[in-house]
Amino acid sequence: MTDSQAAAPTALDPRPALASAIVDTLVHRIGKDAQAARPHDWLAATILTLRNEIIERWMESTKAAHAAGAKRVYYLSLEFLIGRLLRDALSNLRHNDEVAAALASLGVDLAAIEEIEPDAALGNGGLGRLAACFMESLASLDLPAYGYGIRYVNGMFRQRLDDGWQVELPENWLAHGNPWEFERRESAYFVGFGGEVTATTSGQVHWSPIEAVEAVAVDTPMVGWRGKRVNTLRLWNARAFDPIKLDRFNAGDFEGALAGQMRAETLTRVLYPNDSTPAGQELRLRQEYFFSSASIQDIVRRHLQYFGDIRTLPEKAAIQLNDTHPAVAVAELMRLLTDFHELSFDEAWEITRATFGYTNHTLLPEALESWPLPLFERLLPRHMQIVYAINARLLREASKVDGIDGNAIAAISLIDEGGERRVRMANLAFAGSHSVNGVAALHTELMKKTVFADLHRLYPDRINNKTNGITPRRWLQQCNPGLTGLLVEAIGEDFKDDAARLTALAPFANDSSFRERFAMVKRSNKVTLSTYIKDSMGLTLDPDAIFDVQIKRIHEYKRQLLGIVEAVALYDQIRSHPERNWTPRVKLFAGKAASSYHTAKLVIKLANDVAKRINADPAVGDLLKVAFVPNYNVSLAEKIIPAADLSEQISTAGMEASGTGNMKFALNGALTIGTLDGANIEIKDHVGDDNIFIFGLTADEVAEKRASGYRGRQVIEGSRELAQAVNAIASGVFSPDDPDRYKGLMDGLYEHDWFMLAADFDAYAAAQREVDAKFGDTAAWGRSAVINVANMGWFSSDRTIGEYAKQIWGVM
Ligand code: 26V
């Protein structure tokens with residue numbers, strides 16, 4: 001297949017062949033004819049047809065890496081938030097127009113079948129989506145890499161709103177089968193749990209687990225830009241060894257016969273839908289060990305098959321730990337090296353540290369993983385011994401360093417001894433890696449100063465920064481074809497191969513006719529989104545209003561509440577001064593709350609209550625509309641981001657490690673209103689102070705204020721606008737059916753305000769009025785929007801992966 005335009009079929013045109021290939025697949029693989037086929041059948045037939053080419057490139061990629069004896073990158077992540085794959089694969093292979101035309105000739109609309117592909121939602125939020133962007137960039141940069149994770153049967157829950165309250169519904173992405181995946185029954189590993197460890201007199205250690213499951217590989221191809229390379233995402237499925245215990249079955253004990261199977265399958269049944277606090281549940285630790293063990297066994301097996309000598313592992317394999325979820329892999333590799341390959345502890349430790357790198361994604365103390373020691377020891381007795389041995393060595397080293405006192409030793413230890421003893425996964429990951437990185441410049445500096453201060457003193461060269469990025473294929477080319485087309489007209493195709501070339505757009509910021517076309521693209525995207533919102537929610541939006549968007553997980557530190565309180569204040573202002581020249585505004589919110597996170601769920605309800613009241617008030621009309629769009633996921637983000645004018649990135653400074661949504665918006669020509677937090681700081685540095693709205697406390701100021709005993713009351717009582725909004729919410733103006741619903745939430749702002757909402761409110765409101773003024777100046781706004789696009793190329797995940805490849809993995 002070649003890159004072709006949608007022209008009329010001719011004798012030389014390959015399209016009839018493609019159309020008949022799709023029909024052939026439909027008949028012979030799906031078992032339907034064109035008359036009986038339903039949209040899902042066409043989707044499967046299209047994917048299966050396209051897959052043939054992908055498989056060929058996939059095999060070539062694997063063979064080439066083998067022939068070159070190349071070092072491979074292994075990305076271990078409990079989450080891969082991939083979204084849909086058909087448009088991604090079509091676009092990266094440059095077959096969009098051709099396949100659209102072939103399907104059209106069969107009376108099938110490509111866009112419509114793309115829309116019914118389920119999202120692969122095997123992740124919670126930023127960390128999982130980053131893993132997916134990284135997989136795409138690794139293939140695009142032609143680096144041999146494997147992603148390793150879990151093939152959850154049920155991904156991130158679907159969100160429904162019942163009278164404004166979040167309701168979680170099970171997600172079932174595999175309901176129609178998954179044409180992208182290949183089960184590899186030959187790649188299966190034994191993963192044990194529990195039992196005992198014995199040692200022979202000669203020192204041979206033997207672990208006899210009391211329970212075991214089989215990990216079976218399921219592979220999905222990851223297609224890089226222009227199909228240059230196709231890498232593997234290998235997800236593990238758990239199976240019982242003896243699927244049906246026939247003796248029990250024959251004896252009539254059907255339930256007993258299936259119990260082992262059920263227990264094994266439970267392991268890979270569901271993604272933990274929480275990214276704020278560790279579940280602390282045994283099943284989660286089992287998931288972590290299950291996928292870490294299978295992945296390490298697979299990596300070691302491949303290394304020995306290709307290179308023969310376990311000692312050369314660090315020269316041929318780089319393993320990156322995506323947060324601490326796979327940290328037990330450090331102990332697992334140590335176990336294989338010492339117990340099976342009979343290396344000395346010291347040699348094994350050297351190999352392990354040279355092989356692993358660890359990426360930290362949050363400093364929130366409540367999100368740092370640690371496991372009660374008795375649980376860890378019961379489930380993984382051999383790993384517990386190894387953790388003790390690593391710890392003894394670590395603390396011995398630490399005690400030799402000047403300035404490391406008893407408190408520092410306690411902080412460095414792999415075991416938390418304050419209260420019930422716990423195994424600290426971040427310390428294990430840090431100790432077991434040669435590189436520990438943060439995901440934005442500020443975050444990396446804070447790592448050195450806060451959670452890892454003592455480990456940093458011990459190993460001052462280990463912490464480094466790798467500012468996150470996003471793939472411009474999915475987040476510009478695929479989701480925003482209108483803007484992409486305009487960019488090609490202006491600066492040619494080069495930016496598609498190297499996002500840094502977007503800088504060629506900068507001069508067009510001063511070209512009024514270009515700005516007009518740029519504004520037309522944005523308006524057209526806003527019309528498309530408005531149609532979606534009208535159809536799904538029944539709400540009519542004015543596409544000429546400013547589309548102000550805050551979409552992300554609902555979390556107190558991300559401060560959706562600040563956005564809502566400001567909307568209430570604005571509503572009050574519009575009602576009090578209808579004669580003023582207001583800039584019409586649409587405030588869009590979307591995001592999921594962890595099911596046990598009550599405050600986050602209450603914030604969702606508040607957004608909905610506020611929307612209900614404001615949207616029904618004829619006094620504001622089209623000047624202000626508020627909507628909470630249900631079931632935020634990757635595909636919804638792809639619809640909303642191209643239509644945004646204003647990107648809300650308003651976390652409490654010092655708390656958002658990086659953010660990646662911030663990058664997606666700016667790349668699509670939205671202006672950011674944000675705090676000096678995470679990657680916002682670097683976005684500001686790239687787009688320039690005049691093209692971003694920065695407000696609020698800095699991370700240092702937040703820390704000082706907290707230390708000084710700050711309380712929200714101090715500022716609320718001094719800010720009329722804020723006090724009115726908070727008191728209106730607290731007194732039930734937006735919840736007449738339950739006037740006290742938000743009293744506790746608002747009291748929290750008076751009494752604590754840990755997230756500095758009140759402290760930042762006036763600055764935020766002032767920045768919003770600057771936004772209004774600038775949006776009214778079409779030329780000024782358009783200039784800034786174009787400058788944003790021109791300067792966002794640096795935030796391509798190709799740049800990020802290039803840095804990992806050169807500075808951590810040694811593969812470029
Ligand atoms: C954390 C936890 C903690 C408890 C156990 C379950 C669980 C599952 C996931 C997570 C991930 C939280 C960390 C996270 O997603 N961090 C986000 O990472 C993004 C990519 O680096 C970054 O842009 C966001 O700022 C950061 O919040």
Side-chain angles (χ1 to χ4, degrees), residues 75 77-81 121-134 149-150 152 155-156 270-285 287-288 291 320-328 358-371 422 424-426 429 436-444 446-447 451 465-471 475 551-559 591-592 594-597 637 649-665 674-675 677-683 699 795 797 800-801 804:
Y75 200 77
S77 179
L78 215 45
E79 305 193 4
F80 288 91
L81 188 44
L122 310 183
N124 275 281
L127 165 147
R129 182 54 234 175
L130 185 76
C133 283
F134 278 8
I150 289 183
Y152 302 106
M156 188 61 198
V270 62
L271 164 80
Y272 273 94
N274 192 341
D275 65 354
S276 11
T277 46
Q281 270 151 16
E282 181 174 331
L283 179 62
R284 169 78 180 191
L285 179 55
Q287 285 185 336
E288 293 183 356
F291 110 96
Q320 193 67 26
L321 303 173
N322 198 23
D323 218 294
T324 58
H325 316 150
V328 70
Y358 155 53
T359 305
N360 172 277
H361 295 269
T362 180
L363 299 174
L364 301 186
E366 69 271 24
L368 292 178
E369 279 191 304
S370 69
W371 292 102
R422 304 178 73 95
R424 290 175 170 147
M425 303 309 271
V436 175
N437 74 282
V439 292
L442 173 68
H443 170 233
T444 301
L446 293 173
M447 279 169 70
V451 272
N465 179 244
K466 298 287 168 279
T467 298
N468 282 167
I470 56 170
T471 169
W475 297 110
I551 52 175
K552 51 185 80 236
R553 282 301 283 257
I554 312 295
H555 207 295
E556 286 163 278
Y557 83 79
K558 294 177 187 281
R559 299 200 293 193
K592 291 172 180 170
S595 39
S596 58
Y597 193 168
Q649 309 300 338
I650 60 176
S651 51
T652 312
M655 300 192 80
E656 186 71 272
S658 164
T660 45
N662 48 3
M663 301 169 189
K664 295 164 195 168
F665 281 101
T675 47
D677 199 14
N680 295 352
I681 297 173
E682 289 152 89
I683 292 176
F795 295 90
S797 44
T800 313
I801 287 295
Y804 277 85

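All ligand and atom numbering here is 1-based and tracks the order in the structure.
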Any idea which protein heavy atom is nearest [atom], and the distance to it?
atom                    : value
atom 22 (C) of ligand 1 : Gly659 N, 3.7 Å
atom 3 (C) of ligand 1  : Ala367 O, 3.5 Å
atom 27 (O) of ligand 1 : Glu656 OE1, 3.0 Å
atom 7 (C) of ligand 1  : Asn274 O, 3.3 Å
atom 15 (O) of ligand 1 : Leu127 CB, 3.3 Å
atom 16 (N) of ligand 1 : His361 O, 3.1 Å
atom 5 (C) of ligand 1  : Pro278 CA, 3.5 Å
atom 12 (C) of ligand 1 : Asp275 O, 3.8 Å

ask   = Taking it one step at a time, do Leu130 and Thr660 satisfy side chain to side chain contact (heavy atoms under 4.5 Å, CB included)?
value = CA-CA 8 Å; Leu130 185 76; Thr660 45; 4.3 Å; yes
inquiry  = Using a 3.5 Å cut-off on N or O atoms only, is Lys558 in polar contact with ligand 1?
reply    =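 It does not: no N or O of Lys558 is found under 3.5 Å from an N or O of ligand 1.
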Check whether any heavy atom of [X] sits under 4.0 Å from an atom of ligand 1.
X      : result
Gly678 : no
His443 : no
Arg284 : yes
His325 : yes

query = Side chain, backbone, both or neither: which part of Glu369 comes within less than 4.0 Å of ligand 1 when only heavy atoms are counted?
reply =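 Neither; nothing of Glu369 gets under 4.0 Å from ligand 1.
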task = Apply the test side chain to side chain donor-acceptor pair (under 3.5 Å) to residues Asn437 and Thr359: give CA-CA distance (whole Å), side-chain angles for both, the deciding distance (0.1 Å), then the verdict.
result = CA-CA 5 Å; Asn437 74 282; Thr359 305; 2.8 Å; yes
Distance-only side-chain donor-acceptor flag, Ser651 / Asp677, under 3.5 Å =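 Side chains of Ser651 and Asp677: pair found under 3.5 Å.
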